[in-house]
**Q** 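Quick one: the structure is below, questions incoming.
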Amino acid sequence: MARRITVLGTGYLGATHAACLAELGFDVLGLDTDPDVVAALAEGELPFYDPGLDELLGRGLRSGRLRFTTSYAEAAEFGDVHFVCVGTPQRADSGGADLSQLLGCVEALAPRLERPCLVVGKSTIPVGTAATLAERVVELAPAGVQVELAWNPEFLREGFAVADTLRPERIVVGVRSTEAEAILREVYAEPIAAGVPFLVTGYETAELVKIAANAFLATK
């Protein structure tokens, strides 16, 4: 039986990831704390445009594989794999990352995790953040050490988000166990079978890969 997936945060990254995972055949529940956003997505309406995404969203909704909620309790009960796709913008008072949305999401989800599952971060974060979050998830979750964290950075290009999700140039996963790796290989089985490189690292390397990619693009 295929694992059920939640996507927490349904902005540009999250909405794309949710629609693409539904296209790959998974049952997906997208979560956002904004009821207006959830209502619009449930009607097939996107607050932004990216080629092909509206069609994928519509297909997912019509098939029943994709739906949306504002309830963390519903998401925790539903999901076997939880993708955290909230924003980590630059802080207004410094050059550092504002992790408030990310921390808030983890603090809201983890206390409701009562069975084994994998929490997968996709946000851009400073090196060392994932290790701290991994400890926090275990501390807060009723399931304790049966809840594991992985980090799977995104590399989306504006205007190519669907292609970059379904057939990315590479998939990078920062994990601490073979079980977490196996779950993510299952989630990404179709692109891996199509020849997409699947790179397994530790947390810190996965975090640094994304920061380095951003720095390269900014320099370019």
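Along the sequence shown, residues are numbered consecutively beginning with 1. Everything quoted here is computed from the prediction, not taken from an experiment.
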**Q** Report yes if the side chains of V81 and I183 come closer than 4.5 Å at any heavy-atom pair, otherwise no.
**A** yes
**Q** Do T69 and L29 come close enough that some side-chain heavy atom pair is under 4.5 Å?
**A**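 Touching, per the 4.5 Å side-chain cut-off.
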**Q** Closest heavy-atom contact between S63 and G60?
**A** OG-O, 2.9 Å
**Q** If every non-hydrogen atom of T33 is compared with every non-hydrogen atom of Y72, which pair is closest and at what distance?
**A** CG2-CE1, 4.2 Å
**Q** Looking at T165 and C20, what are the two nearest heavy atoms and their distance?
**A**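 Smallest interatomic distance, heavy atoms only, reads CG2-CB, 3.5 Å.
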**Q** Do the side chains of V86 and L140 join up, straight or via other hydrophobic residues, at under 4.5 Å, putting them in one cluster?
**A** no
**Q** Honestly curious: do L53 and I5 fall in one hydrophobic cluster under the side-chain, below-4.5 Å linking rule?
**A** yes
**Q** So which atom in A22 and which in L66 form the shortest heavy-atom distance, rounded to 0.1 Å?
**A** CB-CB, 3.9 Å
**Q** Using a 4.5 Å cut-off on heavy atoms from C-beta on, say whether the side chain of L99 contacts that of P126.
**A** yes
**Q** Apply the test side chain to side chain contact (heavy atoms under 4.5 Å, CB included) to residues V137 and V106: give CA-CA distance (whole Å), side-chain angles for both, the deciding distance (0.1 Å), then the verdict.
**A** CA-CA 7 Å; V137 166; V106 169; 3.8 Å; yes
**Q** Any side-chain to backbone donor/acceptor pair from D32 onto T10? Under 3.5 Å, distance only.
**A** yes
**Q** So, R4 and D27, do they make that salt bridge, N to O below 4.0 Å?
**A**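 Salt bridge: no.
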**Q** Would you sort out whether F155 and E169 count as a side chain to side chain contact (heavy atoms under 4.5 Å, CB included), showing the intermediate values?
**A** CA-CA 9 Å; F155 304 99; E169 290 184 358; over 6 Å; no
**Q** Give a yes or no on whether the backbone of V175 and the side-chain of E181 come within a donor-acceptor separation of less than 3.5 Å.
**A**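 No, the answer is negative, given that no donor and acceptor are paired below the 3.5 Å cut-off.
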**Q** Regarding E148 and S177, is there a side-chain donor-to-acceptor distance under 3.5 Å anywhere?
**A**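 There is such a pair between these side chains.
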**Q** Can a donor-acceptor pair be found, under 3.5 Å and without considering hydrogens, that links the side chain of T205 to the backbone of G202?
**A** no
**Q** When rounded to the nearest 0.5 angstrom, what distance separates CG in L8 from CD in Q101?
**A**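 L8 atom CG to Q101 atom CD measures 12.5 Å (nearest 0.5 Å).
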**Q** Is there a path from V38 to L61 through hydrophobic residues (I, L, V, M, F, W, Y) whose side chains come within less than 4.5 Å of each other?
**A** yes
**Q** Would V138 end up clustered with V147 when hydrophobic side chains under 4.5 Å apart are linked, directly or stepwise?
**A** no
**Q** Can any side-chain N or O of K122 pair as donor or acceptor with the backbone N or O of N152 at less than 3.5 Å?
**A** yes
**Q** Verify the neighbour count for atom CZ of F160: are there more than 12 heavy atoms of other residues, nucleotides or ligands below 6.0 Å?
**A** no
**Q** Can L24 be reached from Y188 by stepping across I, L, V, M, F, W or Y side chains whose heavy atoms are under 4.5 Å apart?
**A** yes
**Q** Is there a side-chain contact between L56 and L166, using heavy atoms and a 4.5 Å cut-off?
**A**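 In contact.
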**Q** Does the E154 side chain pair with the main chain of L13, one donor and one acceptor, at a distance under 3.5 Å?
**A**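 Here the side-chain-to-backbone pair does not exist.
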**Q** Could you tell me the separation between the CG atom of L31 and the CZ atom of R67, rounded to the nearest 0.5 Å?
**A**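 If we round to the nearest 0.5 Å, L31:CG and R67:CZ are 11.0 Å apart.
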**Q** Looking at H82 and A76, what are the two nearest heavy atoms and their distance?
**A** CE1-CA, 3.9 Å
**Q** Taking the side chain as C-beta and beyond, is there a heavy-atom pair between R136 and E107 under 4.5 Å?
**A** yes
**Q** Please enumerate all residues that pass ring pair (Phe, Tyr, Trp, His ring centres under 6.0 Å) together with H17, with sequence neighbours excluded.
**A** F83
**Q** Side chain to side chain contact (heavy atoms under 4.5 Å, CB included) between V28 and T6: does it pass, once the steps are laid out?
**A** CA-CA 5 Å; V28 182; T6 72; over 6 Å; no
**Q** For the pair V37 and F68, evaluate side chain to side chain contact (heavy atoms under 4.5 Å, CB included) and give the outcome as yes or no after the intermediate values.
**A** CA-CA 9 Å; V37 169; F68 297 91; over 6 Å; no
**Q** Verify, without hydrogens or angle tests, whether W151 (side chain) and I125 (backbone) share a donor-acceptor contact under 3.5 angstrom.
**A** no
**Q** Out of curiosity, L57 CG to E45 CD, how far, rounded to the nearest 0.5 Å?
**A**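 Here the interatomic distance stands at 9.5 Å.
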**Q** To the nearest 0.5 Å, what is the distance between CG on L133 and OG1 on T129?
**A** 6.5 Å
**Q** G14 and C85: which non-hydrogen atoms are nearest, and at how many Å?
**A** CA-CB, 3.7 Å
**Q** Mind checking the CD-CD1 spacing from E186 to I192? Nearest 0.5 Å is all I need.
**A**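 So the gap between those two atoms works out to 10.5 Å.
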**Q** Counting neighbours of CD on E135 that are heavy atoms of other residues, nucleotides or ligands and sit closer than 6.0 Å, is the number greater than 12?
**A** no
**Q** Just by distance, do the side chain of D50 and the backbone of A161 share a donor-acceptor pair under 3.5 Å?
**A**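 Checking the backbone N and O of A161 against the side chain of D50, a donor-acceptor pair under 3.5 Å is found.
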**Q** Are any non-hydrogen side-chain atoms of V173 and I171 less than 4.5 angstrom apart?
**A** yes
**Q** F48 vs Y12 aromatic rings, parallel, tilted or perpendicular, using cut-offs 30° and 60°?
**A** perpendicular
**Q** Extract all donor-acceptor atom pairs below 3.5 Å that involve side chains of residues 109-120 and protein atoms in other chains or at least two apart in sequence.
**A**
| residue | atom | partner | partner atom | Å |
| --- | --- | --- | --- | --- |
| R112 | NH1 | A108 | O | 2.4 |
| R115 | NH1 | D80 | OD1 | 2.8 |
| R115 | NH2 | E77 | O | 2.8 |
| R115 | NH2 | F78 | O | 3.4 |
| R115 | NH2 | G79 | O | 3.0 |

**Q** So, taking the atom named CZ in R3 and the one named CG in L184, what distance separates them when rounded to the nearest 0.5 Å?
**A**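 So the gap between those two atoms works out to 9.5 Å.
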